[in-house]
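Start at 1 and go down the list; that is how both ligands and their atoms are numbered. Just so you know, these numbers come straight off a predicted model, no measurement behind them.
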Amino acid sequence: MTSTPFDWNRFHSYRVFDEFLDRFVLQRKSYVTKHSDALDLATAFEDIRGRFCGDSYDDSDAKYEEKIAHQFSDTPEETKIVFANVEYLWAMPVANLRPRTKRAYGERWFSGSDLLVEGDRYFFGYPNIIADPGPWYLRNKYWELVALLRVLHLVVSESGRGDVTMLKRKIAGICHRAIYEGVPSGEVFAAPIFCGVHCALLHLADPERYESIISASHRRQIISVFRHVVRKPSSDDEVLLKQIREVLYDAHGIGEEADRKYRWFFYSKDVQPLWIDKKTPKQQQVSSAVFDVRNEEEAVDLEGDVEAVSGFRIRRSAKLVKAAKKRDGHTCRACGFHFEDQIVHVHHLDPLSEYERPQETKLDDLITLCPNCHYLAHYWLREDSRYKRLKPLLAVLKEVRSEK
Ligand SMILES: [Zn+2]
Ligand SMILES: [Zn+2]
């Protein structure tokens, strides 16, 4: 549908990420401060490791700020510069830290603010950030920094020559493995828990391919509720998220609003309520069914006014819907519910095919169901695709209804 590529560089995060990699990793110079000397990154990482990790890790209840003030007292300036850059990259792309706070992290290391770069092209909030990662990212700051140190340490020690594009490919690979395979505990800067910074870096490294969703539970909830809308779901959850977005956007998207598609689609106000806080498999299943039934019903409601409402592409012919209701006598085929030719839904036996071939619906594909049976039908469809066939579907619905 879209022909012009989305311009990510309109937003500072993406530009800064590229500049940061070029200056810090490739040129080995400070990005966030005005120091211009080349940095000995290997030595600085080693020093940080000694102060910040391992035996020197302070697992007391003291505040992060107090801990690092203690751990980094008497630190050589070069180590401070490197740490300030790492902390900058952690804070830079997120919404739930104010630009002033992001700046203060850098300022604490150096006397006077004149040693920091200036302006809102370096310290910014919405809309230039990539996401709001929620409270975990801030509470888990220590491990997030350790995880970030590991990624940077890896690319710094591996990168001989190369360019930013190559670096980003490497970073995406490292982060993808960290999210899905974990990090071996023996590795340098190995964080033992999920770190959102991997998701942030993954997205920054390849925003076309990876969604800007930082929270692990959000990823799980979205996939669980919407997996079924994709005909051939990828076994890679990252790819699957994008597949889901493509299908849902085509169904719900509003024409030319590319920002809505690429920036926080799953968090838009009509999509987020469908999956957020659906924590148990049961809740997720119910939510899937509600979503499908709502789509079917809205598709029917909108048929008379297709041109005026551009929200849905899934359409069935109003004639077919009428014909199905007439054929079935406005009666639920499963339980026999009938109410004055009203309160009857028209269910598509293979709802998925509507996403792919919206035009080809036939009368035989449709049956009337009462609202209760309709929700149950979608529940069973999620369990087993054999309920796309009329007989097994009616059989299971009758069975459930007669169990009472
Ligand atoms: Zn019924
Ligand atoms: Zn249905």
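The nearest N, O or S atom of His374 is not closer to the Zn ion (ligand 1) than 2.8 Å. Here His347 reaches the Zn ion (ligand 2): one of its N/O/S atoms is less than 2.8 Å from the metal.
To the nearest 10 degrees, the Zn ion (ligand 1) sees SG of Cys370 and SG of Cys373 at an angle of 100°. Between SG of Cys332 and SG of Cys335, the angle at the Zn ion (ligand 1) works out to 110°, rounded to 10 degrees.
Residues Tyr267 and Trp275 bring their aromatic ring centres within 6.0 Å.
Taking the six-membered ring for Trp and thresholds of 30 and 60 degrees, Tyr31 and Phe20 have ring planes more than 60 degrees apart, a perpendicular arrangement.
Checked by atom type and distance alone, the side chain of Ser287 pairs as donor or acceptor with a backbone atom of Leu274 at under 3.5 Å.
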Test side chain to side chain donor-acceptor pair (under 3.5 Å) applied to His12 and Asp120, step by step:
CA-CA 9 Å; His12 291 331; Asp120 67 359; 4.6 Å; no
